[in-house]
Each structure stands twice: as C-alpha cells, then as structure tokens.
Amino acid sequence: MPPRTQRLLRPLSLQENNTAPPLPILVVEDEALQRDALLRFLNRAGFAAHGTGSGEEALAELAKQPFTALITDLRLPGIDGVEVIRRARALDPELGLLLITAFATVETAVDALRAGAHDYILKPLFYEELVRKLRNLIQHRELQRENDRLRAALHQRGGPEIIGDSAAMAEVRAWVQRAASSSATVLICGETGTGKEVVAQAIHAQGPHRDDPMLSVNVAALPDTMVESELFGHEKGAYTGADRRRPGILRAASMGTVFLDEIGELSLAVQAKLLRALEAREVTPVGADVAVPFRARIMCATHRNLSERVRDGCFRQDLFYRINVLRIDIPPLRERAEDTPLLARHLLQRLAVRSGLAVPSIEPEAMAVLSAYAWPGNVRELSNVLERALILCDGRPISTGELPMQPPVKGASLSTENGPVRLQDAVDRFEREHLAAVLVQCQGNREQAAKLLDLSPATLYRKLDKLGLKGFGVRDRGGGDSGGGDSGGGDNVE
C-alpha cells in the first residue's frame, strides 16, 4: 500500500479503541477495480463495507438487511444513481445517502438532493474526503435520531395520563382539551396532592407549542426578591450575588408554558408586577430600566380559595380576573372513590418499575380499605402509602397489614385523627367504608349487595353516586382479585 494511504488510514479509523461492531456500508459501483479498492479502504477505516455492481442488486441487498449508509456511483448499468437513491430512501428513510459522480453540474446536484441524497462527492475520489463526508453524515443521522428520541421522551413526560373513569375526571379531561386548543391563561384549583401540575403538563403536551419548554416555579417556596428574579430575570449586579445576567423563566420558556404553582401565596407587591407583565406581555428585569417582551403562556395553580383571598385583601381582584380565564377544578380523591382502584394499580405499577420490583397484586380487603379512606393528602398520599406497602409486602399480594390505615372495627367509633369532625362527614365516611366492604364481598354485584344491606337497588345506586362509589368494583367482577396484579396495563387507563 502506498505510504500516503497508510498515513491516511490511522487517523480516519472510526472503530479505534471501540468495541462496537463496525457500521455496515453498501457501495454501488459497476467498475470492479474501483469497487474493490473502495471496499478495502472502507473496511480498513473501520466500516463493514459490502459492494454491488448495479442499482438493482443494491436495492435487493437493502431489502434483505439494514445498512447505515449507501454510497453509489451516478452512472450505472440499468437504473442510475439518482434513481437508486430515490428508491433506497423509500425503503429506509433513515439511510445515509452519498452520490459519487464525475459529471458535476448544478442539475446533477439538484437532482441528487431532490431524490434524497445527503451529499455528493466528485471523481477522482479522494478517500480522505469520502470518509470525512461519510463520518459527518453518520453523525448527523445519529443526532437526528437522538433528537427524535428526546422529543418523544419529552412528550411522554410532558403529557402524563390523567387517571380516572369517574364523571368528574372525564370533565377534567374535557377541560384539558379545551385549554390545549387555546392560548388563554389557565387557573387550576384543587387541594394539595390532587395533581394540579399533572393537569398543566397534559395541557402543554397537547398544545401547539409542545416542543417548547414548560418551566415551573413554586412561588410559595421563594422569597419575594427571588420570585421577581425567577419570573422577570435580573441584570448583572442587580443585587448581591447576581454575578451574571438571567432572562427569567417568562422569557426562557420562549413560546412554551410557565406554570406558577401556589399563585395565592404571592405578595401584593409581586402580584402588581405580575399583573402588569400579563397585561403588557413584557417584563422589566430586576435592575433594568427597559421592559422586554415575552411570549410564553401562563398557567397558575392554587389550593387556596382565591375569591376569599380577594375578600380578605390578600389577593388583587384585577389579577384574579386576569388569571381566571379558563378554570379547571380538580376534585379531591375522596369525592371520586371509584377511581381509587384504578389509581392504585397505576401508581403501584409505576413505583414497582421505578424500583425494579415485580408488581404485586392488591388483596380485595386492602383495596376496599384504600377506596373507603378519606385521603386528606389525595393522590400524593395514596402514592406514599403504596410505596410503603410495596416495600413491606416483599413480593406478596398487598394486604391490610401493609397499610397504615386499618379496616374499621364493627361497632367502634370513628377516630377523628386525619378524619372528619363534622357529624355528616363522619356518617358519610362510615357509609362509604361499609358499602365498599359489602361490594367487595359481593364481587361488585349491586343487586346482591342491595339485598344484604336491606336496601332497594335504586337507593343503593343513589348512595353509591353520592359517596363517589358509582363505579367501584364493576371492573373487578369475575376477576377474583380486585388488585389487578397484571403489570401489562389492564387498567383501561387513558
């Protein structure tokens, strides 16, 4: 081998110090000597090069096995290189495509690029240039695939499932779709732990700017000066420790979403600045004299009753009107008890996968306890309880013994710890627990349960509807195990 070629091979090797298998490359060249020389060079450069003498043979090879890239001459017997590229791209849209030609004209280049070629190279061949272009092409295709994977993962994270078959959650999903098709400000209200940020993520993921970021800030967790800096940005030297300029999340989100959690905790001074920013669609960074525009959509969340905060003088009425354009109220878990089995199985599967454990089933008695519990901490508390049970059950079905709350003792008084204080709340809780236990005993059979309870079926249906148990036990009839230990996703979640 000539000394120059030996010198070129070493720095161009893509597989040096790499245990990965060589990338398969298909070469289409009708001149046997040129084809053999090119194959030898590519193989010594770290590729797994295969060769054919015609476009038809090349397409047959592509149909039989995958290749990373195809290098084809323009002039070939039968179909030419441009047609080979066109058909190869149809067979494999991710295939890297290079055209070799001794007839470099603008028309040739345009035809090749229109057919799907990513680049072309002129004869006589300089192998160094060929491998450089091939390497750049492969890196470009890998970056494109990685971007696609990241975008898909981002969409998956940004669009979580809103779990629940109850009428209340169907209404929430309907509002999510309405909000996603609009650019209006959204106010999401609900108790702590109901999943307000999950709803905001679902709206963002279904919206037209899903590829832009969604940035979140809990304004209750930051002092006023930090809230201003986080939202509006600051100039270098604006305050002690401001060693560099920051744009603030309202601008950093571009055309995406800014989620302001616990908006009800903002001070009146910051509320005034936020109101001006929302009305003018511009912000003035801390330490700056000139306002700058922003384009992000705003979504807010609170567990407070903002109308009461307005009456108490703790929240600006004009800001309340400004953010309360589209309002979504998320019901607490105790008001949709029929969703508890579905949520429990979904959360348990997610927790088990995250921990690398098998997904256990939930015994019917344990599921009845979970469904009857009032859940003051809502879905977040349910997730914590299931995580504890997953650790304690040691792979066995989760029973009442792994739950911190226990079935009520028949005839015993209800504890008020973390439970209701009002008499009617205590009565409702007892009825919910008792009806759930009877439904489990009857495997969801409403008629049988009504006979045991000495109620008419109509009265039982009204009570189940009132207590949020309308759908409880229905999907478990005939299944034997209401825990649904199958990790294959048989929960009918949306």
Side-chain angles (χ1 to χ4, degrees), residues 154 158-159 175-189 196-197 199-236 238-239 242 244-302 304 306-307 309-310 314-328:
L154 178 63
W175 274 105
V176 166
Q177 292 179 353
R178 295 186 192 109
S181 62
S182 168
S183 60
T185 305
V186 179
L187 177 62
I188 306 171
C189 300
K196 296 184 288 294
E197 187 166 3
V199 170
Q201 290 171 344
I203 295 172
H204 174 76
Q206 295 179 32
H209 301 294
R210 63 180 69 89
D211 290 332
D212 288 291
M214 173 177 168
L215 304 179
S216 305
V217 59
N218 186 332
V219 297
L222 298 173
D224 287 351
T225 53
M226 289 298 296
V227 171
E228 285 190 59
S229 175
E230 283 292 315
L231 295 181
F232 312 134
H234 64 252
E235 297 295 318
K236 181 178 180 180
Y239 55 85
R244 59 189 177 89
R245 185 173 176 269
R246 290 190 59 186
I249 66 171
L250 288 175
R251 285 193 290 158
S254 185
M255 295 186 69
T257 300
V258 170
F259 177 66
L260 304 179
D261 199 8
E262 298 301 347
I263 189 72
E265 311 304 317
L266 273 183
S267 70
L268 289 171
V270 179
Q271 288 178 35
K273 295 180 180 180
L274 178 60
L275 174 63
R276 185 191 179 285
L278 293 178
E279 290 181 338
R281 302 296 296 176
E282 62 182 23
V283 296
T284 303
V286 178
D289 298 323
V290 179
V292 289
F294 73 92
R295 299 181 294 171
R297 179 188 192 169
I298 306 299
M299 286 193 268
C300 305
T302 181
R304 299 271 196 177
L306 290 187
S307 297
R309 299 279 286 174
V310 169
C314 299
F315 201 85
R316 293 179 62 104
Q317 188 177 51
D318 46 6
L319 179 59
F320 175 60
Y321 292 150
R322 187 66 184 79
I323 65 175
N324 191 28
V325 180
L326 292 176
R327 174 169 174 159
I328 301 177

Would you name the heavy atoms of [X] and [Y] that are closest together and state the gap between them?
| X | Y | answer |
| --- | --- | --- |
| Pro208 | Ala180 | CD-O, 3.6 Å |
| Val258 | Ala253 | CG2-CB, 3.7 Å |
| Val283 | Phe232 | CG1-CD2, 3.6 Å |
| Ala205 | Arg210 | O-NE, 2.9 Å |
| Val290 | Pro285 | O-CD, 3.9 Å |
| His234 | Arg244 | NE2-O, 3.0 Å |

Can you measure from [atom1] ([X]) to [atom2] ([Y]) and round to the nearest 0.5 angstrom?
| X | Y | atom1 | atom2 | result |
| --- | --- | --- | --- | --- |
| Leu319 | Leu278 | CG | CG | 6.5 Å |
| Ile249 | Ser216 | CD1 | OG | 7.5 Å |
| Tyr321 | Leu275 | OH | CG | 13.0 Å |
| Glu265 | Phe315 | CD | CZ | 10.0 Å |
| Arg246 | Ser229 | CZ | OG | 5.5 Å |

Counting distance only, does the side-chain N/O of [X] pair as donor-acceptor with the main-chain N or O of [Y] below 3.5 Å?
| X | Y | value |
| --- | --- | --- |
| Arg309 | Gly264 | yes |
| Arg297 | Ala184 | yes |
| Gln271 | Leu266 | yes |
| His204 | Asp212 | yes |
| Ser181 | Arg178 | yes |

[Y] side chain reached by [X] side chain, heavy atoms, under 4.5 Å:
| X | Y | answer |
| --- | --- | --- |
| Ile203 | Ile328 | yes |
| Thr257 | His209 | no |
| Leu274 | Ile298 | no |
| Leu260 | Met299 | no |
| Val292 | Arg251 | yes |
| Arg322 | Arg316 | no |
| Val199 | Trp175 | no |
| Pro293 | Arg281 | no |

Step by step, would you call Phe320 with Leu187 a side chain to side chain contact (heavy atoms under 4.5 Å, CB included)? CA-CA 9 Å; Phe320 175 60; Leu187 177 62; 4.3 Å; yes
Pair Glu282 + Arg276: basic N to acidic O under 4.0 Å: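 A salt bridge links Glu282 with Arg276.
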Going through the distances and angles, do Val217 and Asp261 end up as a side chain to side chain contact (heavy atoms under 4.5 Å, CB included)? CA-CA 6 Å; Val217 59; Asp261 199 8; over 6 Å; no
